[in-house]
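Owing to the predicted nature of the structure, the values given are computational and were not obtained by experimental measurement. All heavy atoms count here, side chains included; hydrogens, waters and symmetry mates do not. We count ligands from 1, going down the list as the structure has it; atoms in each ligand are counted the same way.
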Amino acid sequence: MEAGFVTTTTDYVRREHPDALSALAQSLGACARENVLLSRYSAVGIGGPADLLVVVQNREQILNVIRLTRASGLPWRIFGGLTNLLLPDTGLRGVTIVNHARAVDFSDASYCVKAESGAIVVQMARETVQRGWGGLTWAVGLPGTIGGAVINNAGAFGGDIAGVLKCAEVIVPDGAVQVVDPDWFDFQYRFSRLKGMAATLAGIVPVVVLTTTFRLRPRDGESLQVKAAEYAERRRRTQPPGKTLGSTFKNPPGDYAGRLIEAAGLKGTRCGGMIISEQHANFFMNVDRGTAADYRALIRLAQDEVLQQFGVQLEPEIEIVGEDTCRTK
Ligand SMILES: Cc1cc2nc3c(=O)[nH]c(=O)nc-3n(C[C@H](O)[C@H](O)[C@H](O)COP(=O)(O)OP(=O)(O)OC[C@H]3O[C@@H](n4cnc5c(N)ncnc54)[C@H](O)[C@@H]3O)c2cc1C
């Protein structure tokens, strides 16, 4: 097992840290609450209770909360907009940090944008378009925070984070703060080497993105506005509104996951409160108190049918988080 992580359960937390949760909650004050339903924070409205939920508002608070949490010995995680995570119905043990550190600074002299990692991508991207700065127009409709976008190397319409990131400030496993360049993330299609740390033990690296700096270019403002409107319209036309995590699967080389699921005859298939969208077959929608179990059943069905009918193995783009994996340092 990778150093710094344990397989943990409610029993583990109760046995190893009988008083740690309430002690930590007390020292963190108003930003921490015990036993909070994560479904309220999740874009797809799924997720059981977090033992302790901590909402952080700025860089200094992130540093402070992580320092105290590490000292407590409790397992912990950090999330942004929860737009790409399928959380377990049983919830998460230990400490769940939700990042609302949203400050953004635009430097007119260098066309650089420095953002705290909890900044909302959509707002930041829109502001760059209004200023006539090119490089983030593709992101005007991208849900979630900068931190999540970096971890996933999020992208759309031919652009992605790897193409514009100048550097990032991160907290590395020993607690030190470092400035790293894009190569450090080993970005690939919808992937960085930090992706999946909340979902599996293999390859987990306990790193937190604190701030990011993007280098943009001066462009014709009107053309950027036209492009942004076109991208927003494409999203409106093709993506169903509602409780969803967006694309469930990555597109396989040379094809589209949505096309394959549709061709397999699965549009409109329902499991419990989850349904495969009639509008976009890669979008799985929570239409009536859907659960993680319902979502996982649809994932398995789509994978089995597409493999059987077309010989293509679909890989999840969303992160499927198990109850039993947590950071402990
Ligand atoms: C309707 C819809 C449309 C979408 N369209 C697209 C699209 O076009 N392209 C695309 O790429 N994605 C798309 N997505 C997926 C999602 O929006 C992106 O992946 C987004 O970047 C995730 O950001 P988040 O803040 O919600 O991350 P979360 O879901 O909160 O977290 C994702 C991962 O990042 C980690 N993480 C978050 N913040 C930090 C941090 N500060 N430090 C370290 N780790 C962190 C979490 O631990 C987790 O492992 C879409 C989602 C929806 C719901």
Side-chain angles (χ1 to χ4, degrees), residues 38 41-47 56 59 62-63 65-66 76-87 92 96-102 115-122 124-125 138-163 168-173 180 185 187-200 203-212 231-232 234-236 238-251 258 277 279-280 282-286 316-322 325-327:
L38 289 165
Y41 289 82
S42 146
V44 73
I46 291 177
V56 288
R59 178 187 177 281
I62 298 177
L63 285 166
V65 166
I66 287 177
W76 60 279
R77 303 174 154 86
I78 186 164
F79 298 141
L82 290 86
T83 64
N84 201 50
L85 298 164
L86 179 56
L87 297 170
L92 293 174
T96 302
I97 302 169
V98 173
N99 184 5
H100 287 184
R102 307 228 197 270
E116 288 185 331
S117 52
I120 303 284
V121 174
V122 169
M124 189 184 91
W138 58 270
V140 287
L142 187 83
T145 65
I146 299 293
V150 170
I151 298 298
N152 290 338
N153 188 21
F157 308 114
D160 63 14
I161 289 290
E169 198 187 17
V170 297
I171 312 176
V172 292
V180 298
F185 288 94
F187 287 127
Q188 294 163 43
Y189 168 62
R190 303 294 172 269
F191 176 85
S192 76
R193 70 184 179 91
L194 304 181
K195 182 161 181 175
M197 62 188 181
T200 62
I204 295 171
V205 184
V207 170
V208 172
V209 179
L210 267 180
T211 64
T212 52
Y231 293 156
R234 283 239 302 263
R235 278 191 192 267
R236 263 195 302 277
T238 58
Q239 300 184 354
K243 291 183 183 176
T244 176
L245 296 174
S247 294
T248 298
F249 298 104
K250 294 180 186 175
N251 287 325
S277 166
Q279 195 178 339
H280 188 320
N282 204 13
F283 276 50
F284 293 13
M285 315 300 295
N286 182 355
E317 180 170 320
I318 60 165
E319 221 173 285
I320 302 167
V321 182
T325 61
C326 278
R327 291 183 233 187

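No donor-acceptor pair closer than 3.5 Å links the side chain of R102 to the backbone N or O of E116.
Within ligand 1, the atoms closer than 4.0 Å to a non-hydrogen atom of F79 are 30 (O), 46 (C), 47 (O), numbered from 1 in the order shown. For ligand 1, the atoms lying closer than 4.0 Å to a non-hydrogen atom of R190 are 11 (O). Annotation for ligand 1: atoms under 4.0 Å from non-hydrogen atoms of V208 are 42 (N), 43 (C). Listed by atom number, the atoms of ligand 1 under 4.0 Å from A149 heavy atoms are 21 (O), 23 (O). Set against the non-hydrogen atoms of S117, the atoms of ligand 1 under 4.0 Å away are 41 (N). Of all atoms in ligand 1, listed by their number and element, those nearer than 4.0 Å to a heavy atom of G144 are 23 (O), 24 (P), 25 (O), 26 (O). Atoms of ligand 1 lying under 4.0 Å from at least one heavy atom of L245, given by number and element, are 51 (C), 52 (C), 53 (C). Within the listing of ligand 1, atoms 7 (C), 8 (O), 9 (N), 10 (C), 11 (O) sit less than 4.0 angstrom from a heavy atom of G155.
The N/O atoms of A43, backbone and side chain alike, include none that comes under 3.5 Å of an N/O atom in ligand 1. Ligand 1 has no N or O atom lying under 3.5 Å from any N or O atom of F283, backbone or side chain. The N/O atoms of N153, backbone and side chain alike, include none that comes under 3.5 Å of an N/O atom in ligand 1.
The CG atom of N153 sits 10.0 Å away from the CZ atom of F185 when rounded to the nearest 0.5 Å. Atoms CD1 and OG1, on I78 and T145 in that order, are 8.5 Å from each other to the nearest 0.5 Å. Here CZ of F283 is found 7.0 Å from OG1 of T238. Values are rounded to the nearest 0.5 Å. Note: T83 OG1 to L245 CG = 7.5 Å, rounded to the nearest 0.5 Å. Distance check, rounded to the nearest 0.5 Å: CG of N152 to CG of D160 gives 11.5 Å.
Using a 4.5 Å heavy-atom cutoff, the side chains of L92 and W76 are not in contact.
Checking G148, A154, A156 against atom 27 (O) of ligand 1, the nearest heavy atom belongs to G148. Of all the listed residues (V150, L86, V209), V209 holds the heavy atom that lies closest to atom 40 (C) of ligand 1. Checking L142, I120, I62, V321 against atom 12 (N) of ligand 1, the nearest heavy atom belongs to L142. Closest to atom 5 (N) of ligand 1 by heavy atom, among R235, E116, Q239, is R235. With T83, N99, V44, I151 as candidates, the residue nearest to atom 45 (C) of ligand 1 on a non-hydrogen basis is I151.
Of the residues listed (I151, L87, N84), the one engaging F79 in a side-chain contact (heavy atoms from CB on, under 4.5 Å) is L87, and it is the only one.
Nearest approach of A115 to M124, heavy atoms of both residues: CB-SD, 3.7 Å. Across every non-hydrogen atom of S117 and N99, the tightest pair is OG-ND2, 2.8 Å.
With a heavy-atom cut-off of 4.0 Å, V207 touches ligand 1 through its backbone alone. Counting heavy atoms closer than 4.0 Å to ligand 1, residue N84 contributes atoms from both its backbone and its side chain.
With sequence neighbours excluded, no residue forms a ring pair (Phe, Tyr, Trp, His ring centres under 6.0 Å) with H100. Qualifying ring pair (Phe, Tyr, Trp, His ring centres under 6.0 Å) partners for Y41, counting only residues two or more places apart in sequence or in other chains: none.
Residue contact check for ligand 1: K195 places no non-hydrogen atom closer than 4.0 Å to it.
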